[in-house]
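One structure below.
Counting from 1, the numbers follow the sequence of the chain as shown.
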Amino acid sequence: MSPTSSLESTRNIGFIAHIDAGKTTVTERVLYFAGRIYKIGSIDDGTTSMDWMAQERERGITITSASTTCDWNGYDINIIDTPGHVDFTAEVERSLRILDGGVVIFDAVAGVEPQSETVWRQADRYGVPRICFVNKMDRVGAGFDRTIDSIRHRLQASPVAIQMPMGSEDDFVGVVDLVEEKALIFSDQEPYTPEVAPIPDEYIEQASAYRGTMIERIAETDDELIIKYLEGEEISKEEIKSALRKATISYKLVPVMCGSALRNRGIQPLLDAVCDYLPSPLDVPPAKGKDYKNGHEITREPSVDAPFSALVFKAVADPFIGRLVYFRVYSGKTKTGSMLLNSTSGKRERLGRIVRMHAQRREDLEEVRVGDIVAAVGAKNASTGDTFCDENEPIILETIEFPDPVMSVAVEPKTRAEQDRLVEALGKLADEDPTLKVKFNEEVGQTILSGMGELHLDIIVDRMLREYKVECNVGRPKVAYREALRTHALAEGRLVRQTGGHGQFAQVLIEVEPGERGSGFVFVDKVRGGSVPREYIPSVEKGVRDALAVGPLAGYPVLDAKVTLIDGKFHEVDSSEMAFRVAGSMAVKEAMRRAKPVLLEPVMKAEIVTPGEFLGEVLGDLGRRRANIQNIEGQGEIQAVRATVPLGESFGYAGTLRSLTQGRASYSLEFDNYQEAPAAVAVA
């Protein structure tokens, strides 16, 4: 088989959906029918092959994207099963960046759910062609047409049904293949192969209407077919398939199918559709990147003869073989043990071992080529978003952008002995997860973990305990308040010490006054006549800075203060730099106490994007958080609210916003300024 023909029969796809729509169940059935596994696992029993983490099996949800591969009718299908929970949206983000096509799964009862919208927008951003699978058609309340309508209206998509269900709920017995004009009647007995039969009489009229709509929608995307359609000519099945494939790859249409994965219904036709309609690596645009030296845009054709290029989309710490780096090959080929350039970091990397992953199981490979999704052992310096390439033909591929964390907690080890293990564990977890940020706040002496939500941070803390044996106390981070002055004040600082021999003597008169907001610290020297010698002036300023670092109210740094050195006295023998530094600090501390200090709180700029139906609830909640609404803009059904909100009031906002808006709203926070805190906060 030629390299080109093998590429034509390669499919790199991902299953994406809202949580609990059935992604992992569909993946499990796909692997079973493709012969990759020989026993179907159950999410309820924690026995699925793709959800292999202990936390996934306990909670019955997917947390980390898992990759695998299978064969179907001569096609090589690389599959990534992604999480559905919004806290793990980064896993979907990086998977969609390297996939050629997607299968979006919908719950036939719920239709388009909040996270369905999120993953759909992510797929739009990366231009990923997709097909839809309406799952759970056997459930009470299932609605195939209703789900298609919600795809059309809520996702602004162009769905076209290529199947029609025969019955629904308990009476869901099969589907009509509208392209082939035949019925597929499902079996509850192994090997669950559907029986191909003529369309039953009671469904012929309905199927004819569905097929007419399908052909009309497909013909509209093809200039030749629309002429034949308008002239009433017969359009062949081959023409329908060819036009539908082109329309799907160009994202003019989204084919829709249905089934019930839990009862093994509709999976084989779904696999056929993946092969028939989703793109191969040859069908998608060539990978774009920048020249390593001059930054000019260049492309890499999907060919084994092109220079090697690959994008790292994931790095994980494997407990058995060390650090694994997942990458997608966009051009060329390479062998195990070869030396490549990491053009992002500028370092050379040796691929000591290349493996094809099946969830957490590994299969060694000697060579990888364009279109492969594999993992490497030995690439010590590579991280998510890096590019591997030929040293002689360097390129930097477009990287992956991740959303900023929205929630933070403070963590500390339960024992001092675990401090080093905590640092090591957090380093490895942050290496795996680009949305996990770790920083040490010296002001409040806390290690702060920032992530995408409460569940995300809960999983991180759980993993630290299980995988790295680090027990942590978890608490809310303290708010880094500041202090400011309301008025000007004068004070004298006087240091006189006689200890035998040289003593310590310094005396200064200092005025403090509030500066303009944002002006910072200003020091003014108004000493005349040499009452304080020139060499001691910098020491006085150092003492002033020392005092401003610890405010008089609660020990927080003082902002925007103007400090003026007016006068002073010195002693020819006993004065020293240290004496004037201490005197300057004493004077400023006393002056600040007289200057009516106030507590300042950090205020964040917030932007909340919410469906219009929840605007009232969102505004009401912002009011309770002492937010200042600045602007509300509407675009269609979506409303964008811009406001400022105190940082201390924003903790836990992610969870509240999700509950208020059924998870359909999103928000971003960034620091704006410091403002005077109300008396209630200052007292607390």
Side-chain angles (χ1 to χ4, degrees), residues 46 51-59 61-66 83 85 87-88 90-91 94 312-326 345 347 349 352-353 355 357 359-362 375-386 402 404-480 651:
D51 283 350
W52 55 273
M53 288 174 65
Q55 293 89 343
E56 293 178 316
R57 293 185 167 178
E58 286 172 6
R59 289 171 166 83
I61 61 171
T62 302
I63 292 169
T64 181
S65 55
H85 197 285
D87 280 15
F88 309 107
E91 292 289 328
R94 58 177 161 199
V312 175
F313 67 95
K314 188 172 178 178
V316 297
D318 189 289
F320 301 106
I321 61 174
R323 191 166 182 268
L324 270 176
V325 173
Y326 287 74
S345 66
K347 296 178 180 175
E349 302 272 14
R353 184 179 167 196
V355 292
M357 300 299 293
Q360 86 276 32
R361 299 203 297 280
R362 297 162 295 278
V377 183
K380 295 186 177 67
N381 300 308
S383 57
T384 302
D386 286 359
F402 296 100
D404 293 326
V406 297
M407 183 174 287
S408 302
V409 294
V411 294
E412 60 181 26
K414 288 199 171 176
T415 65
R416 188 174 291 276
E418 291 181 310
Q419 179 65 43
D420 290 342
R421 292 214 306 276
L422 172 70
V423 173
E424 180 190 359
L426 289 177
K428 289 182 176 178
L429 290 168
D431 176 45
E432 287 184 27
D433 187 347
T435 57
L436 177 68
K437 304 296 181 190
V438 183
K439 68 177 180 180
F440 185 75
N441 189 325
E442 293 185 6
E443 283 183 31
V444 294
Q446 291 179 319
T447 300
I448 307 295
L449 285 189
S450 301
M452 298 307 297
E454 291 175 59
L455 179 60
H456 183 202
L457 295 170
D458 186 34
I459 295 291
I460 293 296
V461 172
D462 191 28
R463 288 187 64 190
M464 281 197 289
L465 176 61
R466 294 189 196 218
E467 296 173 28
Y468 300 98
K469 306 295 184 282
V470 179
E471 282 195 76
C472 287
N473 293 319
V474 181
R476 279 175 52 157
K478 296 176 184 173
V479 177
F651 293 142

T384 and Y326: CA distance, side-chain angles, deciding distance, side-chain contact (heavy atoms from CB on, under 4.5 Å) verdict: CA-CA 9 Å; T384 302; Y326 287 74; over 6 Å; no
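- Applying the side-chain contact (heavy atoms from CB on, under 4.5 Å) rule to N381 yields the partners K347, E349; only residues at least two apart in sequence or on another chain are considered.
- Across P434 and R94, no two heavy atoms sit closer than the pair CD-NH1, 3.5 Å.
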Report the C-alpha separation of N473 and V411 in whole Å, then their side-chain angles, then the decisive distance to 0.1 Å, and conclude whether the side-chain contact (heavy atoms from CB on, under 4.5 Å) test is met. CA-CA 6 Å; N473 293 319; V411 294; over 6 Å; no
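- Heavy atoms only, all atoms of each residue included: S383 and R323 are closest at CA-NH2, 4.1 Å.
- To the nearest 0.5 angstrom, L449 atom CG is 8.0 Å from C472 atom SG.
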Yes or no on side-chain contact (heavy atoms from CB on, under 4.5 Å) for V438 and T447, after CA distance, side-chain angles and deciding distance? CA-CA 7 Å; V438 183; T447 300; 4.0 Å; yes
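- For the atom pair CG (L426) and CZ (R463), the distance works out to 11.5 Å, reported to the nearest 0.5 Å.
- The minimum heavy-atom distance linking A425 with M464 is given by the pair CB-CG, 4.2 Å.
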For L457 and L436, run side-chain contact (heavy atoms from CB on, under 4.5 Å): C-alpha distance rounded to whole Å, both residues' side-chain angles, the deciding distance at 0.1 Å, then the answer. CA-CA 8 Å; L457 295 170; L436 177 68; 4.3 Å; yes
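- The two residues Y468 and K428 make their nearest non-hydrogen contact at OH-CB, 3.5 Å.
- Contacts of Q419 classified as side-chain contact (heavy atoms from CB on, under 4.5 Å), with partners at least two apart in sequence or in another chain: P413, L422, V423.
- Qualifying side-chain contact (heavy atoms from CB on, under 4.5 Å) partners for V355, counting only residues two or more places apart in sequence or in other chains: L324, R353, M357, R362, D364, A375.
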